Colleague: 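Would you mind keeping the following structure in view while I ask a few things?
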Protein chains: 2
Amino acid sequence: MRTEGLRERKKLDTRRRIEGAALELFEQNGFEATTIDDITAAVDIAPRTFFHYYSTKEDVVLADYADRLARITDTLAERPVDEAPWTALQNAFVAVAADYEIERLQLLRRFRIMATTPSVYARSLHLQAGWEDTVAIALTDRMGLETDHDITPRLLAAAALAAMRASLRHWLAGGGTTALPQQVAHCFDRFASGLVND
Amino acid sequence: MRTEGLRERKKLDTRRRIEGAALELFEQNGFEATTIDDITAAVDIAPRTFFHYYSTKEDVVLADYADRLARITDTLAERPVDEAPWTALQNAFVAVAADYEIERLQLLRRFRIMATTPSVYARSLHLQAGWEDTVAIALTDRMGLETDHDITPRLLAAAALAAMRASLRHWLAGGGTTALPQQVAHCFDRFASGLVND
DNA sequence: ACACAAATATGCAGTCATTGCAACTATGCT
DNA sequence: AGCATAGTTGCAATGACTGCATATTTGTGT
């Protein structure tokens with residue numbers, strides 16, 4: 001077995017073609033004005049097939065989210081156990097921020113669509129709420145706490161996501177030219193040193 | 001003109017009847033299993049009319065959100081200008097928390113539906129993102145900053161919402177029996193004193 | 001009580017995402 | 001070659017939501 005056989009390769013290819021064509025169309029004509037039929041026609045597959053790859057139109061725009069979360073949990077798991085939770089969290093999110101910068105152009109494309117499409121934005125927030133759950137659980141475990149007994153892990157996770165979102169917004173406002181990892185780190189520091197003025 | 005005339009009263013009445021019947025049906029049969037037709041049949045209005053009152057099915061569940069936001073901004077505006085931003089914010093959110101406790105049963109009903117229905121949850125998060133915008137703007141103004149120049153107001157607003165959500169989740173887990181305002185205040189304090197352990 | 005303007009309610013037709021199901025085709029393995 | 005499996009397609013149906021034209025109802029002035 002080489003790269004997992006023709007079947008797998010073909011499937012991955014189709015997925016990428018769908019994503020490429022869809023993003024293209026979304027940018028060109030707007031997310032809502034683009035129908036599933038438009039997308040599948042562009043990729044030359046049956047409309048029904050689209051839903052074997054993505055469960056909603058919104059998910060095409062946010063296709064990278066699963067990897068981001070994996071990156072966070074992976075990094076979190078790698079951090080030494082004696083590291084303070086908030087510091088470990090900071091490292092995990094800075095890692096994602098670094099990824100973002102590398103894929104800057106792709107990201108800007110996706111975010112531009114998200115920012116102008118309510119349903120995509122809503123979906124994004126919903127997915128991020130899922131991240132919060134996952135991260136909160138990981139922290140609960142890491143901190144050796146009983147499940148659902150302490151609000152702390154949840155608060156930390158929520159704060160981390162908030163820091164990330166605020167940073168990202170700032171970064172996007174600047175067209176993705178400022179230093180994102182530094183910005184994220186800065187927001188984390190602000191939380192760590194108390195939010196009261198400066 | 002007394003209470004705004006028959007027209008206004010009737011409209012308000014219809015709105016309430018829609019909400020009552022809808023929530024009832026959502027609880028009974030589930031949000032997704034309940035169709036617009038079911039709701040309008042129960043209230044004896046035309047299906048088309050539903051959309052004159054609520055723009056989406058989800059919005060019925062979250063009908064109280066507009067008032068919550070108003071409560072926050074109102075309280076925020078009332079706080080003395082020399083009060084620290086974070087403290088003013090805390091007061092505003094504690095006020096909402098107090099409201100929540102008063103309408104405890106209604107709230108539990110709504111939240112139970114929200115917690116079990118992805119689309120409603122997503123919509124809720126989206127609306128809260130709108131709160132974040134509004135609060136961030138109010139803070140920018142209050143702190144005498146240039147619009148979009150400083151990330152601080154956004155970070156504060158996001159943290160406040162995060163504190164509120166975490167508190168609410170905790171409160172709901174306990175069936176709404178614990179003291180919500182105190183919980184909210186506590187989360188705000190945690191942020192103010194830095195998130196690093198204790 | 002009457003009549004007209006404004007606000008509401010309704011009916012209808014159409015678009016579109018999304019789903020279940022059954023038939024069909026390509027791929028992998030023996 | 002020949003079967004089992006995975007992936008693709010077509011079809012039909014559901015249900016939210018919208019635009020538009022047509023009633024109905026209410027507010028107001030006579």
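Naming convention: chains lettered A, B, ... in sequence-line order (proteins, then strands); numbering from 1 in each chain. FYI, side chains are in, hydrogens and waters are out, and symmetry mates aren't considered; it's all heavy atoms of this structure. Just so you know, these numbers come straight off a predicted model, no measurement behind them.
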Colleague: Kindly write out the residues that satisfy side-chain hydrogen bond (donor to acceptor under 3.5 Å, both in side chains) with Q128(A), not counting sequence neighbours, or none if the list is empty.
Modeller: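 Applying side-chain hydrogen bond (donor to acceptor under 3.5 Å, both in side chains) to Q128(A) gives S124(A), R165(A).
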
Colleague: Using a cut-off of 4.0 Å between protein heavy atoms and nucleotide atoms, how would you tag nucleotides 7-15 of chain D 5' to 3' with B, S and -?
Modeller: SBBBB---S

Colleague: Over how many whole Å does the gap from F51(B) atom CZ to dT8(C) atom P extend?
Modeller: 19 Å

Colleague: Rounded to whole Å, how long is the line connecting atom CG of D13(B) with atom C1' of dT8(C)?
Modeller: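 In whole Å, dT8(C) C1' lies 14 Å from D13(B) CG.
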
Colleague: Just report the end-to-end axis angle for the helix from dA1(C)-dT30(D) to dT30(C)-dA1(D), five pairs per end, to 10 degrees.
Modeller: 10°

Colleague: List the atom pairs, with distances to 0.1 Å, where a side-chain N or O of residues 174-184 of chain B and a protein N or O form a donor-acceptor pair under 3.5 Å, not counting sequence neighbours.
Modeller:
unit_1: T177(B); atom_1: OG1; unit_2: G174(B); atom_2: O; d: 2.7
unit_1: Q183(B); atom_1: NE2; unit_2: H170(B); atom_2: ND1; d: 3.2

Colleague: Specify the separation, in whole Å, of atom CZ of R15(A) and atom P of dA6(D).
Modeller: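 After rounding, the reported distance stands at 17 Å.
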
Colleague: Rounding to an integer number of Å, can you tell me how far D38(A) CG sits from dT15(C) P?
Modeller: 14 Å

Colleague: According to salt bridge (Lys or Arg N to Asp or Glu O under 4.0 Å), does anything in residues 70-82 of chain A pair up with another residue at least two apart or in another chain? List the pairs.
Modeller: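 Residue pairs passing salt bridge (Lys or Arg N to Asp or Glu O under 4.0 Å), neighbours aside: R71(A)-D99(A), R79(A)-E83(A).
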
Colleague: CZ of F50(A) versus C1' of dG20(C): gap in Å, rounded?
Modeller: 18 Å

Colleague: Within a reach of under 6.0 Å around CG of D148(B), are more than 12 heavy atoms found that belong to other residues, nucleotides or ligands?
Modeller: no

Colleague: Does any pair with a residue in residues 21-36 of chain B pass salt bridge (Lys or Arg N to Asp or Glu O under 4.0 Å), and if so which ones, sequence neighbours excluded?
Modeller: E24(B)-R109(B), E27(B)-R109(B), E27(B)-R112(B)

Colleague: Listed by chain and number, what are the side chain to side chain contact (heavy atoms under 4.5 Å, CB included) partners of T116(A), not counting sequence neighbours?
Modeller: none

Colleague: Roughly, in whole Å, what's the span from CZ in F31(A) to P in dC16(C)?
Modeller: 14 Å

Colleague: Does any pair with a residue in residues 118-143 of chain A pass salt bridge (Lys or Arg N to Asp or Glu O under 4.0 Å), and if so which ones, sequence neighbours excluded?
Modeller: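 Pairs touching residues 118-143 of chain A that pass the test: D59(A)-R123(A), E132(A)-R154(A), D133(A)-R154(A), D133(A)-R169(B).
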
Colleague: Output every pair passing side-chain hydrogen bond (donor to acceptor under 3.5 Å, both in side chains) with a member in residues 39-49 of chain B, not counting sequence neighbours, ordered by first then second residue.
Modeller: none

